[in-house]
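Take a look at the structure below.
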Amino acid sequence: MVARDPHRFVNELDDAALERIVARLENRAKDQVFARLFDKYAERLDLPPAAQVLEVGCGTGAMMRFLARRRDFSGTGLGVDQSPVLIDAAKKYARDEAVADRVDFRVGDAHSLDLPGDTFDAVIAHTLISHVTNPAEVIGEMARVVKPGGTVVIFDGDYSSLTYGCPDHDLGQRMDAALATATFNNPLIMRDLPRLLPELGLVIHEAWGDAVVEIGGGSFFRSFAETYAPAVINAGLVPAEVVESWLKAQLQAMDEGRFFGACNYYTYMARRF
Ligand SMILES: C[S@@+](CC[C@H](N)C(=O)[O-])C[C@H]1O[C@@H](n2cnc3c(N)ncnc32)[C@H](O)[C@@H]1O
């Protein structure tokens, strides 16, 4: 068995796994800490009144809905994702939240976008780049479709920093590493961007890091563990009974206020000249 990033191979998942992904993405978007990380770059976008914004790897469209609800955004958004199921969900959530007139969604591959060049004022990849088959190709496409002078934003985690507190430190490190391997095709890609972005014609104008940390209770890390622990088992990285007892102990620690979980996230804002 080999690790198969569930987002990279989303079109091969069964209905139950897809339901877990939809729930995870929507649950994560409701998390205040995580939502603030989107706002932190959105408020720096400095968009013109009729701006067109593209999100590649939009999933259920939560970031596009955030954008549509911002007071400083009067333009339109387009979300592209490779999963027809996630695109249907994105359209439904946009209708439910009365923003469907501002944001549209369509199926597509971020490696080869069926969109004309020089089109968008901003192009966003929000936790996409860690999952794709070829990050340089995807960033090259983002650089192609953004207008000259427009902004490319890449936001993602550095997943060797993903950690769950565990009284048995050896087991904890083994599970942290297994979760990163099973869930992300490119767990360390955010370290490569200072080199990669200029090679692809993009000039970084702002970049920063944030730690997502939960101490005591756990919400962000609860849905992460529940969604992706099965991927560790499926990849054969850790025996099922060990993963299950680790997960049970994590959920119990959250319920009893003894939980610790953390991961570093990075944001790069770059311009195409
Ligand atoms: C972690 S989710 C992020 C979803 C959304 N950006 C958010 O933050 O809620 C990653 C998404 O990337 C999509 N994805 C992965 N590889 C892709 C590709 N090559 N082209 C388009 N979408 C892709 C997956 O289908 C999944 O919806």
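Counting starts at 1 for both ligands and their atoms, in listed order. Just so we're clear, the structure is a prediction, and the values are computed from it rather than from any experiment.
- Using the six-membered ring where Trp is involved, F34 and Y265 have ring planes that are perpendicular, over 60° apart on the 30 and 60° scheme.
- Remark: R65 is not positioned above the aromatic ring of F105, lacking an NZ or CZ atom under 6.0 angstrom from the ring centre and at most 45 degrees off the axis.
- Here the heavy atom of the protein found nearest to atom 3 (C) of ligand 1 is T127 OG1, 3.4 Å.
- D5 and H131 share a donor-acceptor pair across their side chains, judged by distance under 3.5 Å alone.
- Residue contact check: H131 has heavy atoms under 4.0 Å from atoms 1 (C), 10 (C) of ligand 1.
- A salt bridge is defined here as a Lys NZ or Arg NE, NH1 or NH2 lying under 4.0 Å from an Asp or Glu carboxylate O, and R69 with E97 meets this definition.
- If you look at L128 next to ligand 1, the close heavy atoms, those under 4.0 Å, all belong to the side chain.
- Closest to atom 20 (N) of ligand 1 among all protein heavy atoms lies A110 N, 2.8 Å.
- For D39 and R70, the salt-bridge test passes: some basic side-chain N is under 4.0 Å from an acidic carboxylate O.
- Here R24 does not pair with E226 in a salt bridge; the nearest charged N to carboxylate O distance is not below 4.0 Å.
- Atom numbering of ligand 1 starts at 1 in the shown order; those under 4.0 Å from a heavy atom of G59 are 4 (C), 27 (O).
- Under the 3.5 Å distance criterion, with hydrogens and angles disregarded, a donor-acceptor pair is assigned to the side chains of R8 and T133.
- Classification of D96 and K92 as a salt-bridged pair holds, one side-chain N sitting under 4.0 Å from a carboxylate O.
- For a threshold of 3.5 Å applied to N or O pairs, the pair formed by G57 and ligand 1 contains at least one separation below that value.
- The ligand atoms of ligand 1 that sit less than 4.0 angstrom from a heavy atom of H111 are 19 (N).
- Put simply, no part of A125 is less than 4.0 Å from ligand 1, judged by heavy atoms.
- Looking from atom 9 (O) of ligand 1 to the surrounding protein, the closest heavy atom is R28 NH2, 3.7 Å.
- In this structure, K40 does not pair ionically with E206, as no charged nitrogen and carboxylate oxygen lie closer than 4.0 Å.
- Ligand 1 lies within reach of C58, whose nearest heavy atom is under 4.0 Å from it.
- With a heavy-atom cut-off of 4.0 Å, H7 touches ligand 1 through backbone and side chain alike.
- Remark: ligand 1 and S83 share no N or O pair separated by less than 3.5 Å (distance only, no angle test).
- Aromatic ring centres of F155 and F38 lie farther apart than the 6.0 Å criterion allows.
- Close contacts between ligand 1 and G108 involve ligand atoms 20 (N), 21 (C) [criterion: under 4.0 Å to a heavy atom].
- Between the choices M64, E55, E137, the shortest heavy-atom distance to atom 6 (N) of ligand 1 belongs to E55.
- The protein heavy atom nearest to atom 27 (O) of ligand 1 is D81 OD2, 2.6 Å.
- Of the heavy atoms in D109, both backbone and side-chain atoms come closer than 4.0 Å to ligand 1.
- For atom 15 (C) of ligand 1, the closest non-hydrogen atom of the protein is Q82 NE2, 3.2 Å.
- Crowding of D114 atom CG: a count of heavy atoms from other residues, nucleotides or ligands under 6.0 Å not exceeding 12.
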